[in-house]
Structure formats: structure tokens, C-alpha cells
Amino acid sequence: FFSFLESLIQEDMLYLQNFEKRLATIEESLLDTLPKELQRTLITIRRELLVFHAYYQQLLDMCEILSEDENHFLPPECARQFSRQRQMCIRDSTQMLREYALQIREMQQAQIDLRQNDTMRILTVVSTIFFPLSLIAGWYGMNFTHMPELSAPYAYFILIGVCILIVAVEIWYFKKKGWF
């Protein structure tokens, strides 16, 4: 029976090493892979590892019960073998690999957050650049008859120059701060 239990987990360490290689490959390709593909692959791997973890937990529990041998059904040598089998159980490896898969998923989520932050920063800078121009357009769109600039012959060109100056100053400031 002990030999049978050993044969159950004999090749599993190689199998788990393949899981580790797959996870390392996923981690290396984290920047290149599309988020949906990566998410699907990680979910599949985590499910497979969860099944292995449950399998090894059951095997560990069985070996623990057999090693304790409360009814003294087995000879002392068998109890020691089951105790050794319990120590050989590779349940902890599956737990480690599950945590590794979770860390990769968190790294992927952090990259998505960074991309979203970059997008939001660009949208904020663009909005900030065009806000003063919208304000000027709102003022001159009111159609008041007593606006002194309406009768000035070069007011239109001065207003264009002021708008260009505002945009240029804002772009210079944002570049100086490293936001643009």
C-alpha cells in the first residue's frame, strides 16, 4: 500500500516543475501578452493547481491518519513509512505555485493600472490645455453689444495671439513638470 502511494506522486514533481516553467514564461511575456489571454491562462493554471492542492491535501490527511495508527492496526515500521510519506507530500509545492500565479496576476493588474494612469494623465493635460480656450470662447459667444474689443480693428488677431500664448505657456509648463 505504501508503494502504491509513492507511485501516485512519483512523477508529480516533474509535472509541477512544468507548471512553474509555464508560470515563468507567462511572467516574462507579461508586457507582450494581451490582458484577456493572460487572464484566461492564469485562471486555467490556478484551477489546475487547486485540483492538485486538494488531491495532495487528501493524500496528506490519509497518510497522517495512517501514521498515527490509533488502533495499532499496522506494525510500527508501516506507521514510520506513512509518516515519511506524509513528509514527502508535495502539497506545499502546489500552494507555492498557486501563490506564484496570484502574484503574476497582481503584476498584470498593476500594469493595467499604470496604463490607465497614463491615459488619465494625458486626458487631464489635454483638458487643462483647452479649458482656458473654452472660457474665452464662452465669453465671446455671449453676443453683448458693449464689448470694447468688438470695435477694435485688431482685436480678433490679438485674441488669437492670446490663445496661442496660453496654449504655449501651458505646454511649456507641463513639459517642465514632466506631465506631457
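One is the number of the first residue; the rest follow in order along the sequence.
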If you round to the nearest 0.5 Å, how far is [atom2] of [Y] from [atom1] of [X]?
| X | Y | atom1 | atom2 | result |
| --- | --- | --- | --- | --- |
| L135 | C163 | CG | SG | 10.0 Å |
| I166 | F130 | CD1 | CZ | 12.5 Å |
| I122 | N117 | CD1 | CG | 11.5 Å |

V125 with F131, same ILVMFWY side-chain cluster at under 4.5 Å
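The answer is no; the residues belong to distinct hydrophobic clusters.
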Applying a strict under-4.5 Å side-chain criterion to I, L, V, M, F, W and Y, I'd like to know whether W172 and V126 cluster together.
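Same cluster.
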Set of side chain to side chain contact (heavy atoms under 4.5 Å, CB included) partners for [X], sequence neighbours left out:
| X | value |
| --- | --- |
| A155 | E149, A152 |
| I171 | I129, V167, K175, F180 |
| T128 | T124, F174 |
| K177 | Y173, W179 |

Give me the other members of the hydrophobic cluster that L165 sits in, counting Ile, Leu, Val, Met, Phe, Trp and Tyr linked by side-chain heavy atoms under 4.5 Å, directly or via other members.
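For the cluster that includes L165, the remaining residues are V169.
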Pairwise salt bridge (Lys or Arg N to Asp or Glu O under 4.0 Å) hits with a residue in residues 119-138, at least two apart:
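Passing the test, one end in residues 119-138: D118-R121.
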Quick one: which of L114, T119, I112 gives a side-chain contact (heavy atoms from CB on, under 4.5 Å) with Q116?
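The single option meeting the side-chain contact (heavy atoms from CB on, under 4.5 Å) with Q116 is I112.
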For D113, check side chain to side chain donor-acceptor pair (under 3.5 Å) against everything at least two apart and list the hits.
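D113 satisfies side chain to side chain donor-acceptor pair (under 3.5 Å) with Q109 only.
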